[in-house]
Amino acid sequence: MKRASRLIRNLSLGLKHVRLNALRSFLTMLGMVFGVGSVVAMLAVGEGASRKALEEIRMLGSSNIIVESLKPAADTAASQRSRFVNQYGLEYQDVLRITEAFSSVRQVVPVKIVRNVGRMGSRELELRLMGTTPQWFELFHRPLLAGRLLTERDLEQGSNVAVLTEFVARALLSMEEPLGGNIRIAGNAFKVVGILRSEGEGGLTPDKPNDVYVPLSVARGRFGDLSVRRSAGGREREMVELHQIIVQVASTEEVPSAALGIEAMLRRFHPKEDYRVRVPLALLRQAQETKRTFNVVLGSIAGVSLLVGGIGIMNIMLASVTERTREIGIRRAIGATQSQIVGQFLIETLVLSTTGGCIGILVGLLIPQLISSFADMPVLVTPWSLVLSLGISMAVGIVFGLYPAIKAARLDPIQALRYE
Amino acid sequence: MSAHRKEPTIRLEYLSKAYRSGEGKILALDKLSLTIEEGDFCAVMGPSGSGKSTLLNLIGCLDRPTSGRYLLKGGEVARLSDDDLSQVRLRNIGFIFQGFNLIPQLSVQENIELPLYYLETEPRAAAARAKDLAQMVGLSERLAHRPSQLSGGEQQRVAIARALAAEPDILLADEPTGNLDTGTGERIMELLLEQNRRGKTIIMVTHETDIAAYAQYRLQMRDGKIERWEGR
Ligand SMILES: Nc1ncnc2c1ncn2[C@@H]1O[C@H](COP(=O)(O)OP(=O)(O)O)[C@@H](O)[C@H]1O
Ligand SMILES: [Mg+2]
């Protein structure tokens with residue numbers, strides 16, 4: 001009790017001195033304000049980046065490897081010819097090769113993508129047809145809203161069935177009777193058997209809002225591998241068998257080695273570099289890289305500001321000790337011990353530095369808002385980062401307040417009493 | 001005679017205090033011996049620079065002697081640590097200065113409470129004691145004021161209240177009326193006399209003979225030595 005009431009009295013005395021010199025105190029605190037502000041901002045950006053990376057990994061699957069077809073650098077002379085067909089990308093053969101070559105592989109899911117317009121009655125919508133196998137839905141868990149997913153039987157029998165995303169369903173179907181209707185795509189009718197919710201808003205998800213899932217065998221049979229696109233220079237003919245192969249390995253630890261193995265194997269069968277291997281896990285490393293960059297930049301700002309702030313506080317406290325030399329002499333004559341004088345000045349420094357720190361936290365809460373609105377970076381302010389910032393401001397107060405406090409306590413009482 | 005049986009409150013034996021000054025040394029106190037009994041009221045007189053303040057500071061445990069012995073109620077002070085000296089000042093000694101030495105940022109009440117704060121007295125008890133003391137020195141109405149809002153005489157009365165707060169048995173006053181006019185000074189002396197009647201031992205430095213006349217006896221100093229005693 002005594003200790004508590006004494007602390008409160010010391011605190012109120014500290015606050016009194018801070019208030020008596022309000023402008024001076026405020027200027028002194030500026031360094032702390034920016035320092036602590038940077039710390040809060042730094043932690044928010046770092047936390048945001050890794051949270052986003054983790055979210056993406058969750059969506060892409062941490063044990064997945066995504067292989068994509070990639071249009072190789074164009075052979076311009078050849079592509080000018082009118083009947084030229086640009087043949088590239090992953091092949092049906094690659095699915096078998098990957099499945100057989102790697103024991104760590106658990107699932108291999110091929111995806112064939114066809115872009116076309118879907119019609120239902122008078123409504124139409126640009127669609128992305130995903131010709132795939134039922135395993136796709138095992139790799140990416142998407143909530144089923146109605147009906148069912150694709151099955152092995154659909155694949156074997158080549159059934160003209162389609163699973164829509166909620167977005168496509170809303171755009172094309174009548175809400176009263178969503179299932180069982182037919183949507184027409186390039187002259188083919190597909191029966192709608194299911195509706196699921198896609199995650200396809202962010203840039204990195206494997207799905208998009210306008211996706212329609214059909215059996216791979218059907219996509220292949222109905223649309224073939226040749227696609228023609230009208231472009232500025234005329235018509236562009238492309239021959240692509242598969243657009244994606246998604247490989248799931250047994251455990252996250254095996255992802256890097258499996259990715260290297262797949263890349264090495266594909267290199268043997270694909271003389272052109274017409275594929276790309278993406279590892280979601282690598283995104284985390286990338287995010288950590290971003291985080292590190294930000295940590296270096298903001299950490300330097302924070303470090304310099306805190307140092308400047310700390311020196312400013314020390315300077316003001318040294319001035320305060322000089323100004324109050326007589327007061328120190330009086331207190332010593334009355335019976336204050338050296339450690340009580342140290343305590344008094346340390347608490348005053350702490351009041352100064354933590355007040356600055358608290359203002360800094362407010363500033364630090366604003367900076368991430370600005371960053372996220374200008375730079376489209378995710379930020380996340382966690383409670384522990386605020387606790388840490390408060391701890392840092394107190395530590396700065398103690399570190400830079402100790403010397404002035406000890407100097408005050410070491411004054412000779414008689415000299416201090418005589419001081420004018 | 002029985003009072004002489006027991007150990008005197010203050011006993012100084014061959015006490016010296018030397019200050020380094022430039023090339024040489026100044027002997028501010030030169031093998032000074034002195035005993036002061038409990039309840040004495042002693043005035044210390046002498047020309048400027050004769051060592052009066054130095055003597056008072058040593059008795060008040062603000063400083064340590066260069067050589068000699070200082071027994072406070074029979075206990076050797078020279079060997080005490082800095083923290084122990086603080087404790088002695090807090091519990092046994094009350095200082096009253098020529099320049100009042102109140103803390104300007106604190107109110108009258110807070111100034112009076114200061115020793116109680118270091119004694120870790122419970123705040124409500126401390127506040128009550130400060131009120132009693134303010135009443136005793138006739139300043140009940142001024143508790144919330146700042147020292148700068150008071151006259152010199154009032155400030156010195158606050159200082160006396162503060163010196164009494166921790167109930168010390170020795171009061172040390174270094175020219176307590178030096179900054180005051182005669183009438184105000186007499187008021188201060190009445191207060192000190194009253195404290196002496198209640199049993200406090202008082203040692204007061206002054207160079208005014210009519211102020212020194214309030215004391216039981218006087219000692220004259222010169223060059224760090226006691227030149228003569230008067231009235232004992
Ligand atoms: N801190 C000090 N350093 C050096 N000399 C000092 C110090 N304090 C006092 N003196 C010297 O000691 C002598 C006695 O001083 P003081 O006790 O203050 O005399 P008084 O109070 O009788 O005027 C003087 O010559 C003074 O100059
Ligand atoms: Mg003097």
Atom [atom1] of [X] and atom [atom2] of [Y]: how far apart are they, to the nearest 0.5 Å?
X: B:L62; Y: A:D412; atom1: CG; atom2: CG; value: 8.5 Å
X: A:Q340; Y: B:Y117; atom1: CD; atom2: OH; value: 7.0 Å
X: B:L102; Y: A:E327; atom1: CG; atom2: CD; value: 11.5 Å

Taking atom [atom1] as the centre, does [X] end up with more than 12 heavy-atom neighbours from other residues, nucleotides or ligands that are less than 6.0 angstrom away?
X: B:Y14; atom1: OH; value: no
X: B:R222; atom1: CZ; value: no
X: A:R24; atom1: CZ; value: yes
X: B:E13; atom1: CD; value: yes
X: B:M136; atom1: CE; value: yes

Open item on the list: Any heavy-atom pair between the side chains of A:I334 and B:F95 that's under 4.5 Å?
Closed with: no
Task: Non-hydrogen side-chain atoms of A:R326 and B:I103 separated by less than 4.5 Å - done: no
- [ ] Return the minimal non-hydrogen interatomic distance between A:I330 and B:N101, and the atom names on each side.
- [x]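 Heavy-atom minimum between the residues: CD1-O, 3.2 Å.
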Open item on the list: Using the side chain to side chain contact (heavy atoms under 4.5 Å, CB included) criterion, which residues pair with A:F34? Sequence neighbours excluded.
Closed with: A:L30, A:S305
Task: Segment of B:N57 engaging chain A (4.5 angstrom heavy-atom cut-off) - done: side chain
Task: chain A contact via B:Q98 - side chain, backbone, both or neither, heavy atoms under 4.5 Å - done: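 B:Q98 has no heavy atom closer than 4.5 Å to chain A.
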Task: Part of residues 64-94 of chain B lying next to chain A, heavy-atom separation under 4.5 Å - done: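 Within residues 64-94 of chain B, the residues under 4.5 Å from chain A are B:D82, B:D83, B:S86, B:R89, B:L90.
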Open item on the list: Less than 4.5 Å to any heavy atom of chain B: does that hold for the side chain of A:Q344, its backbone, both, or neither?
Closed with: side chain
